[in-house]
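Heads up, the thing below is written out as structure tokens.
Letters go in sequence order (proteins before strands), and every chain restarts at 1. Keep in mind the model is a prediction, meaning the values are calculated, not measured. Below, all heavy atoms of this structure are taken into account, side chains as well, without hydrogens, waters or symmetry copies.
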2 protein chains.
Amino acid sequence: MQRLDNTFTALSDATRRAIVARLADGEQPLSKLAEPFSMSQTAVTKHVRVLSDAGLVIVEKRGRTRHCKLDAAPMKEAMDWLKYYEAFWADKFASLAKHLEKKKKQ
Amino acid sequence: MQRLDNTFTALSDATRRAIVARLADGEQPLSKLAEPFSMSQTAVTKHVRVLSDAGLVIVEKRGRTRHCKLDAAPMKEAMDWLKYYEAFWADKFASLAKHLEKKKKQ
DNA sequence: ATAATAGTCAACCAAATAGTTGAGTAATTA
DNA sequence: TAATTACTCAACTATTTGGTTGACTATTAT
């Protein structure tokens, strides 16, 4: 529950989603990561903190730099949660019936 | 962008996810919807507001009651965003390589 | 007509978020 | 050794969030 909270919260901010996108291209030291954003490095550090609290980013101290890398694992849970509702957008009209039938089987 | 912000924000709260889950079983008037939660109806109304701002819930005035129903459509975008990173949790070791190859093709 | 129900609205509060700045530390480079 | 780089930390600010209560409106039921 708390885990999903943290994951969705982390992804609810465009800056943080941009950080995730950049880390998908490979790990980055904090300073490099902060460069393209028009905000202080401290602010970026805080965003990274939210991401690492959610387990989406792993920060590793290496000399004087902090290397950030993506760990997408928590996204799987978020996706599984969403997947549960897939029928509702896939076939809007039949969705409720499908859902109830599925529930009945459980 | 803003749309994704709203969707992820709406889903970042356990109470709101519970509301979504209940509405999956069928539409509900606000009062019924609020019953199981240990908070005021006003508080629930506010959560519903966040959900409807995100387009996840449609509120329809009918007499003195407000009927809430699920619209899962915005979840699709959220899921598509997550799907982009699927390779990263599906095969942790090959993930970066796969991603970069995919990017190269675009 | 009266009472009960369903909901809104405004005001308030505490805590969290998203940012800033300035000072300090630790590691690297010159 | 001195300067620069990478970053942390504390303090402050403004805004948002998640909740409360009390008073009000509108609809329905008796």
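The CZ-P distance, from A:Arg62 to D:dT8, rounds to 15 Å in whole Å. Remark: C1' of D:dT25 and NZ of B:Lys61 are 10 Å apart, rounded to the nearest angstrom. The distance between atom CD of B:Gln41 and atom P of C:dT8, rounded to the nearest whole Å, is 7 Å. B:His67 has its NE2 atom 17 Å from the P atom of C:dT5, to the nearest Å. Atoms CD (A:Gln28) and P (D:dC7) sit 11 Å apart, rounded to a whole Å. For B:Leu33 and C:dT8, the CG to P distance is 12 Å, given to the nearest whole Å. Computed from coordinates, the A:Arg66 CZ to D:dC9 P distance equals 9 Å when rounded to whole Å. One can place CZ of B:Arg64 at 6 Å from P of C:dA6, the figure rounded to the nearest angstrom.
With D:dC7, D:dG19, C:dA6 as the choices, the nucleotide that has an atom nearest any side-chain atom of B:His47 turns out to be D:dG19. Listed nucleotides: C:dG19, D:dC7, D:dG18. Nearest to the side chain of A:Thr65: D:dC7. Across D:dT20, D:dT27, C:dA18, the shortest atom-to-atom separation from the side chain of A:Asp13 is found for C:dA18. Among the nucleotides D:dT4, D:dG19, D:dC7, the one closest to the side chain of B:Ala43 is D:dG19. The side chain of B:Thr42 has C:dC9 as its nearest neighbour among C:dC9, C:dT28, D:dT8. Among C:dT8, C:dT21, D:dC7, the nucleotide with an atom closest to any side-chain atom of A:Ser40 is C:dT21.
You'll find a donor-acceptor pair under 3.5 Å spanning the side chain of A:Lys46 and the base of C:dG19, going by distance alone.
Between B:Leu11 and B:Leu56, the closest side-chain pair of non-hydrogen atoms falls below 4.5 Å.
The shortest distance between the side-chain N/O atoms of A:Arg16 and the OP1/OP2 oxygens of C:dA18 is below 4.0 Å.
Between the side chains of A:Thr65 and A:His67, a donor-acceptor pair is found at a separation under 3.5 Å.
Looking at B:Arg22, its side chain never comes within 3.5 Å of a backbone N or O of B:Pro36 through a donor-acceptor pair.
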